[in-house]
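Have a look at the structure below before the remarks.
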There are 2 protein chains.
Amino acid sequence: MRKFATESDLTHIPAMKHALNQKPEYEKELRKAGVRITRPRRIILDILSSTEDHPDAMKIFHRAIEIDDSISLSTVYRTMNLLEDMGAIHRHAFNGGPSRFEQAHGDHHDHLIDIDTGAVIEFKSDKIEKLQEEIAKSLGYDIVHHRLELYARKTEK
Amino acid sequence: MRKFATESDLTHIPAMKHALNQKPEYEKELRKAGVRITRPRRIILDILSSTEDHPDAMKIFHRAIEIDDSISLSTVYRTMNLLEDMGAIHRHAFNGGPSRFEQAHGDHHDHLIDIDTGAVIEFKSDKIEKLQEEIAKSLGYDIVHHRLELYARKTEK
DNA sequence: ATCGGTGCAAAGCTTTTGCAAAAGA
DNA sequence: TCTTTTGCAAAAGCTTTGCACCGAT
């Protein structure tokens, strides 16, 4: 996680291997919640914790069946719902397309989506967060969560 | 459109009857683009220009068949795609749900969604827009469009 | 041995599409 | 008249669900 040399408060979160290999930790938490650690779930958790992109269910499914070809797509969907409910992952609907997922690592961030490649860059701006709070407050609301997505194209050189 | 008495640059866009009754204007533009003004289209345009919410296709369809019960849902979808391509409406996918639409009136704005009622409040912050530009720039991108949604709950009194 | 989880197939929901008939220009 | 547009019904894409079997604890 590095700061950019601008006057802004932008934090770029570069190709972060999301807190890699916290598998045991995760399983502990899941067990505590009364969730069984099954083979499909372990595989899906592995995929999520080792990926750098924001795959959709189908993509996760394809990666999963390479490891165990008996896993079904329904299990992928069910597991994503379970993990989302537990707060272990976040769901996005970029462009209104199919849900894409990412492991929830501690700090919140927003997304810049490359409209040509679909690539996703994570970033964070405390200034924007603060402004959002101000806005909600002046409208008489408290923010529960928010979504900021920049759809962008690489600057022409 | 009124300014709030805060130090922020927030602009609230209150229950704006989106540039009401520009029907003739719209039709002119559509004709110019070689689009035929049909009965279903006129009805859908009417609905869009007179509504204050952000209806989805099904809601538009139901309002439409009250005026002309021969209109089909496919026509609603086709018309929404047409109008979106022409830039006459904007499409949103709040919460990843079905697309919801609003007539495009000149100025861009973002949305605060009341998570209890589904109500949508429009607002605009030049400061946030500017920060977004800075962020994209420092990541080597130009913003094509963006989406900022605040999911919020009314402040407890 | 329990009871939760899985795979499979079927269904659900939103959205798109093929086609013949209808209607703008 | 000549295309475009429509309605209908069917299909497509993503996601959920019912059910009987399987497997983690």
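Per the geometry, NE2 belonging to A/H92 stands 14 Å off P belonging to D/dT15, to the nearest Å. Across the protein-nucleic acid pair, A/L73 atom CG and D/dT17 atom P stand 14 Å apart, rounded to whole Å. Taking atom OH of B/Y77 as the reference point, atom P of D/dA11 lies 19 Å away to the nearest angstrom. Taking atom CZ of residue A/R42 and atom C1' of nucleotide D/dA24, one finds them 10 Å apart after rounding to whole Å. Rounding to whole angstrom units, CD1 of residue A/I71 and C1' of D/dG23 are separated by 14 Å.
Using a 4.0 Å heavy-atom distance criterion, B/D56 is classed as making no nucleic acid contact. A/T38 comes within 4.0 angstrom of the backbone, heavy atoms only, and of no base. Using a 4.0 Å heavy-atom criterion, one finds that B/R31 contacts the sugar-phosphate atoms exclusively. Within the nucleic acid shown, B/R39 has no heavy atom closer than 4.0 Å to any nucleic acid atom.
Comparing the axis of the opening five pairs of the helix from C/dA1-D/dT25 to C/dA25-D/dT1 with that of the closing five pairs yields an angle of 30°, rounded to 10°.
Nearest-nucleotide assignment on DNA chain D puts the 5′-proximal partner with B/D68, out of A/S74 and B/D68. The 5' end of DNA chain C is approached more closely, in terms of each residue's nearest nucleotide, by B/A57 than by the other of B/I37 and B/A57. Mapping A/L82 and B/R91 onto DNA chain C by nearest heavy atom places A/L82 closer to the 5' end of the strand.
Using cut-offs of 30° and 60° on the angle between ring planes, the pair A/H92 and A/H90 is perpendicular. Ring-plane geometry between B/H111 and B/H109 is classed as perpendicular, the angle between the planes exceeding 60 degrees on a 0 to 90 degree scale with a lower cut at 30. Ring orientation note: the planes of B/Y151 and A/H145 are close to parallel, at an angle under 30° on the 30°/60° scale.
Protein chain B contacts DNA chain C from C/dT14 to C/dA25, reading 5' to 3' and using non-hydrogen atoms of the protein with a distance under 4.0 Å.
Between A/D107 and A/K124 no salt bridge is recorded (no basic side-chain N to carboxylate O distance below 4.0 Å).
Judged by distance alone, the side chain of B/R91 and the main-chain N or O of B/S99 form no donor-acceptor pair under 3.5 Å. The backbone N or O of B/G97 lies less than 3.5 Å from no partner atom in the side chain of B/N95, so there is not a single donor-acceptor pair.
Aromatic ring centres of B/H108 and B/H146 lie closer together than 6.0 Å.
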Stepwise side chain to side chain donor-acceptor pair (under 3.5 Å) check, B/R63 with B/T51: CA-CA 10 Å; B/R63 291 179 194 172; B/T51 190; 3.1 Å; yes
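Every pair tested for ring pair (Phe, Tyr, Trp, His ring centres under 6.0 Å) that includes a residue from residues 58-87 of chain A fails, sequence neighbours excluded, so the list is empty.
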